[in-house]
K.L.:
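Starting off with a structure, shown below.
When reading the values below, keep in mind they use all heavy atoms of this one structure, side chains included, and skip hydrogens, waters and symmetry mates. A, B, ... follow the sequence lines: proteins, then strands. Residue 1 opens every chain. Being a predicted model, the structure only gives us computed values, none of them experimental.
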Protein chains: 2
Amino acid sequence: MHEHEHALNPHLSVDCVVFGFTGEYLKVLLIERNTTRGKDYKLPGDFIYDTEDLQGAAERILTHLTGLEDLFLHQFAVFGRPDRIRAPHDLQWLRETTGLPVNRIVTTAFFSMVRIDESKRENALRAGASWHPVHALPTLAFDHREIIQAGQKALQKEVHFAPICFELLPWKFTIRQIQTLYEVILDHPLDNRNFRKKLLKAPYILPLNERQAGVPHKPARFYIFDRDLYEQNRLEIFEYNF
Amino acid sequence: MHEHEHALNPHLSVDCVVFGFTGEYLKVLLIERNTTRGKDYKLPGDFIYDTEDLQGAAERILTHLTGLEDLFLHQFAVFGRPDRIRAPHDLQWLRETTGLPVNRIVTTAFFSMVRIDESKRENALRAGASWHPVHALPTLAFDHREIIQAGQKALQKEVHFAPICFELLPWKFTIRQIQTLYEVILDHPLDNRNFRKKLLKAPYILPLNERQAGVPHKPARFYIFDRDLYEQNRLEIFEYNF
DNA sequence: ACAAAAGTGTTGCGATTACACCCATGG
DNA sequence: CCATGGGTGTAATCGCAACACTTTTGT
């Protein structure tokens, strides 16, 4: 598993909140864990090698987990309360799995976005990893529930500025898909007609001639996001509020 | 200086980008430093005690530096590249001043806002600390120039959402002051009439009957920011963009 | 009287909201 | 022919951008 020659630093870790979208729910990728208190779940994460960048550590974890490379990755917070790891079964689990005298760990949290279909089709997820809806999370290790919630808040903020949601959608998508995605991220319903207008005004969202097939209702048109056109058309924003 | 009994952790530090505003420029608080390469400047920062929260460490540094408490404090990034401290004079300075075998340090960056008038009147700054305009920074230690720039970007983002700028202004301020402040933060000129309209529409900006005195032109009215009224009137925003 | 900054209104445009019905398909 | 979700238009309002002159004070 570990190709690096150098030592792990037992004070520093990264944890990744990996978001996915099934067309219905916003989901997070979690790793199953066995402790003295039974089965629970944790975020994908690891200690950092001495020679390794934080971002590099996150990339290593994600690539190992999903087989995918060049994933979207955004550092959003550090969690470092001295007592963030204090439950006996958490401490024992850490000492057993790492073999290190672990005490306080400061973790840098990243959020990432993967297309669930890609991770399924082209690359099996590592054993023990599974998707869970953010609104119904299982029992989580450490302070990982708090980290996931902070990650969703960070995602909500990011959605004000940048077209990052396309990272979660299939290459070609319907308007309903992207609207539902925004609704689950913002946790708020949106008006369909107004959403369409706003979306179709964007010059970098291109309609295909292709439509859904085999659906028991009027088939929806597919669209694609053209990142090059986006980069050409983007302009600086100087918004402010009091 | 250090009231804590417990040990410093030589892997972890916090650095604070402390913003101030003189009515003209956006400024940053820097600490003078003497190295084998001569005099330069660094951000206020320190290692973290084993028993201490990250936020707590930042508060300790700021209180010690300015004498002020309950300052605005916002964690915005972690800097952890393995080679972020590599210049020989930086390494030597660290070893001399800490007495520790320092290698890689991961630092959590906070930004903070202080009213320069308060820090002057009521509390002398610690010796060696001084204000520098962000657009004309002196030679800086480590990667601190990069951290300051990231801090200003974070401040620009924050200004979309929250009325944090009042932390930088005197308790009573003129419209020109706050407009100039927004201009230096956003690094972009704003239209005065439109700015006034937007500001005066906010129900939590209250005019005083008091005006400037002794200025060689029409004296400007003073306003205050009423945080309670703000909290009552704030509503959730579900903005999005592609 | 002059210099210097404060303060003031209108118009056009683009964006956002609210809202209800017909369309195309599979079963 | 029915159930299901896709797809469409308009009117009212709001917020933002552009733009130039008068007012008040100290010197």
K.L.:
Are Asp46(A) and Arg60(A) within salt-bridge range, i.e. N to O under 4.0 Å?
P.N.:
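Salt bridge present between Asp46(A) and Arg60(A).
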
K.L.:
Using a cut-off of 4.0 Å on non-hydrogen atoms, how would the nucleic acid contact of Arg176(B) be classed: base, sugar-phosphate, or nothing?
P.N.:
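Sugar-phosphate contact only - Arg176(B) comes under 4.0 Å of backbone atoms but never of a base.
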
K.L.:
Please determine if Arg176(A) and Glu24(A) form a salt bridge, counting it only when a charged side-chain N lies under 4.0 Å from a carboxylate O.
P.N.:
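So Arg176(A) does not pair with Glu24(A) through a salt bridge.
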
K.L.:
Starting at atom CZ of Arg196(B), determine the distance to atom C1' of dG15(D), rounded to an integer number of angstrom.
P.N.:
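Atom CZ in Arg196(B) sits about 19 Å away from atom C1' in dG15(D).
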
K.L.:
Rounding to a whole Å, what distance do you find between Ile237(A):CD1 and dA15(C):P?
P.N.:
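The answer, rounded to whole Å, is 13 Å.
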
K.L.:
Is the centre of the His135(B) ring less than 6.0 Å from the centre of the Tyr25(B) ring?
P.N.:
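Yes - the distance between ring centres of His135(B) and Tyr25(B) falls below the 6.0 Å cut-off.
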
K.L.:
Classify the ring geometry of His160(B) against Phe161(A): parallel below 30°, tilted from 30° to 60°, perpendicular beyond 60°.
P.N.:
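Perpendicular: the ring planes of His160(B) and Phe161(A) meet at over 60°.
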
K.L.:
Scan residues 198-210 of chain A against DNA chain C and write down, sorted by residue number, each residue with any heavy atom closer than 4.0 Å; if none is found, say none.
P.N.:
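Lys198(A), Lys201(A), in order of number.
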
K.L.:
Kindly say if Arg221(B) contacts the phosphate of dA6(C), meaning a side-chain N or O under 4.0 Å from OP1 or OP2.
P.N.:
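Checking Arg221(B) against dA6(C): no side-chain N or O falls below 4.0 Å of OP1 or OP2.
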
K.L.:
In whole Å, what is the span from the CZ atom of Phe173(A) to the C1' atom of dG6(D)?
P.N.:
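Answer to the nearest Å: 16 Å.
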
K.L.:
Take atom CZ of Phe238(B) and atom P of dA18(C), then tell me their distance rounded to the nearest Å.
P.N.:
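Rounding to the nearest Å, CZ of Phe238(B) and P of dA18(C) are 13 Å apart.
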
K.L.:
Below 4.0 angstrom, N of the basic side chain to O of the carboxylate: do Lys157(A) and Glu239(B) qualify?
P.N.:
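No, no charged N to carboxylate O under 4.0 Å.
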
K.L.:
For the pair Phe111(B) and Phe19(B), name the ring-plane relationship: parallel under 30°, tilted 30 to 60°, perpendicular over 60°.
P.N.:
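Rings of Phe111(B) and Phe19(B): perpendicular, over 60°.
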
K.L.:
Rounded to the nearest Å, what distance is computed from the NE2 atom of residue His188(B) to the P atom of nucleotide dC16(D)?
P.N.:
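So the two atoms are 14 Å apart, to the nearest Å.
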
K.L.:
Should the ring pair Phe242(A) and Tyr240(A) be called parallel, tilted or perpendicular, given that the plane angle runs from 0 to 90° and is split at 30 and 60?
P.N.:
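The rings of Phe242(A) and Tyr240(A) stand perpendicular, inter-plane angle above 60°.
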
K.L.:
Would you mind reading off the distance between Gln179(A) atom CD and dG7(D) atom P, rounded to a whole angstrom?
P.N.:
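Rounded to the whole Å, the gap is 11 Å.
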
K.L.:
Angle class for the Tyr230(B)/Tyr204(B) ring planes (parallel below 30°, perpendicular above 60°, tilted otherwise)?
P.N.:
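Geometry flag for Tyr204(B) against Tyr230(B): perpendicular rings.
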
K.L.:
With the threshold set at 4.0 Å, does a side-chain nitrogen-carboxylate oxygen contact exist between Asp53(A) and Arg81(B)?
P.N.:
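The answer is no: the pair does not qualify as a salt bridge.
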
K.L.:
Could you tell me whether a side-chain N or O of Gln152(B) sits under 3.5 Å from a main-chain N or O of Val134(B), the two making a donor and an acceptor?
P.N.:
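Such a contact is absent between Gln152(B) side chain and Val134(B) backbone.
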
K.L.:
Using whole Å, what does the distance between atom P of nucleotide dG6(D) and atom CZ of Phe195(A) come to?
P.N.:
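Atom CZ in Phe195(A) sits about 12 Å away from atom P in dG6(D).
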
K.L.:
Classify every nucleotide of nucleotides 19-27 of chain C by which part a protein heavy atom approaches to under 4.0 Å, writing B for the base, S for the sugar-phosphate alone and - for neither, in 5'-to-3' order.
P.N.:
BB--BBBS-

K.L.:
Do the two ring centres, one from His144(B) and one from Phe142(B), sit under 6.0 Å apart?
P.N.:
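Yes - the distance between ring centres of His144(B) and Phe142(B) falls below the 6.0 Å cut-off.
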
K.L.:
Please report how far the helix from dA1(C)-dT27(D) to dG27(C)-dC1(D) bends, comparing the axis fitted to its first five pairs with the axis fitted to its last five, to the nearest 10 degrees.
P.N.:
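About 0° separates the two local helix axes.
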
